[in-house]
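Here is the structure we will look at.
None of these values were measured; they are calculated from a predicted model.
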Amino acid sequence: MMPTKTEADLDRAVVTLNLHWLLSAQALARSDVEKARLVYGLDLELIGVLRQASFLVLCALAESGVLLFRPRFPSRLLHERLSVPSSSTLASELQTLLLAAEEAERS
């Protein structure tokens with residue numbers, strides 16, 4: 001039997017997810033502004049802030065109590081893809097969508 005998650009466990013999971021999202025967004029914003037705009041849906045002002053933010057600031061943001069991650073695709077598409085049992089299929093399809101979006105952005 002799988003142990004149930006407490007509210008504290010779920011809160012910690014949100015903080016962890018937020019911090020990973022912020023660190024990944026920051027790294028991409030520092031290396032490729034246009035890709036950060038596309039992949040994370042960030043505007044230029046937020047990219048500027050993220051590029052300069054310290055780790056302590058990112059930690060404080062991660063603990064805001066609000067989930068910072070927002071899917072870049074319509075929820076219908078995500079629901080359809082998440083119903084597929086194979087996570088590798090989902091990952092490859094999402095990667096294909098990101099690459100297609102990147103190509104469209106360049107055109």
Side-chain angles (χ1 to χ4, degrees):
M1 179 181 274
M2 195 175 194
T4 60
K5 299 240 183 234
T6 66
E7 191 171 319
D9 292 332
L10 295 175
D11 288 345
R12 181 65 18 215
V14 168
V15 170
T16 300
L17 177 60
N18 280 345
L19 186 56
H20 283 281
W21 187 89
L22 286 164
L23 290 169
S24 296
Q26 182 184 57
L28 191 55
R30 286 178 173 170
S31 66
D32 189 336
V33 170
E34 288 305 312
K35 198 167 187 178
R37 289 181 68 213
L38 175 68
V39 172
Y40 289 96
L42 304 173
D43 61 38
L44 291 176
E45 183 179 358
L46 186 52
I47 287 172
V49 170
L50 268 178
R51 290 178 74 157
Q52 302 302 317
S54 69
F55 182 71
L56 291 177
V57 167
L58 295 181
C59 287
L61 288 172
E63 294 190 22
S64 67
V66 177
L67 184 63
L68 301 175
F69 167 77
R70 285 177 292 169
R72 295 282 296 139
F73 303 103
S75 59
R76 175 192 52 77
L77 174 68
L78 290 173
H79 285 289
E80 288 172 5
R81 296 301 162 239
L82 290 172
S83 67
V84 176
S86 170
S87 61
S88 62
T89 301
L90 173 63
S92 64
E93 288 181 12
L94 291 178
Q95 181 65 31
T96 301
L97 286 170
L98 283 173
L99 292 172
E102 186 174 297
E103 286 301 314
E105 184 85 7
R106 289 182 186 164
S107 302

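- Residue Leu46 is grouped with residue Leu23 when hydrophobic side chains (ILVMFWY) are merged at heavy-atom distances under 4.5 angstrom, including chains of intermediate members.
- Heavy-atom minimum distance, Leu58 versus Gln26: CD1-OE1, 3.4 Å.
- Residue Val39 is not grouped with residue Val49 when hydrophobic side chains (ILVMFWY) are merged at heavy-atom distances under 4.5 angstrom, including chains of intermediate members.
- Between the OH atom in Tyr40 and the CG atom in Leu68 there is a gap of 12.5 Å [rounded to 0.5 Å].
- Contact annotation: the side chain of Leu22 approaches that of Leu50 to within less than 4.5 Å [non-hydrogen atoms, C-beta and beyond].
- Summarising the geometry, atom CD belonging to Glu63 is positioned 5.5 Å from atom CZ belonging to Arg12; distances are rounded to the nearest 0.5 Å.
- Between the CG atom of Asp11 and the OG1 atom of Thr16 there is a distance of 10.5 Å, given to the nearest 0.5 Å.
- With hydrophobic clusters built from ILVMFWY side chains whose heavy atoms lie under 4.5 angstrom apart, Trp21 does not share a cluster with Val15.
- Distance CG/Asn18 to SG/Cys59: 11.0 Å, rounded to 0.5 Å.
- Among residues two or more places apart in sequence or in another chain, the side chain to side chain contact (heavy atoms under 4.5 Å, CB included) test is passed with Arg51 by Ala29, Arg30, Val33, Ile47.
- Here the shortest heavy-atom pairing between Val57 and Ala53 reads CG1-CB, 4.1 Å.
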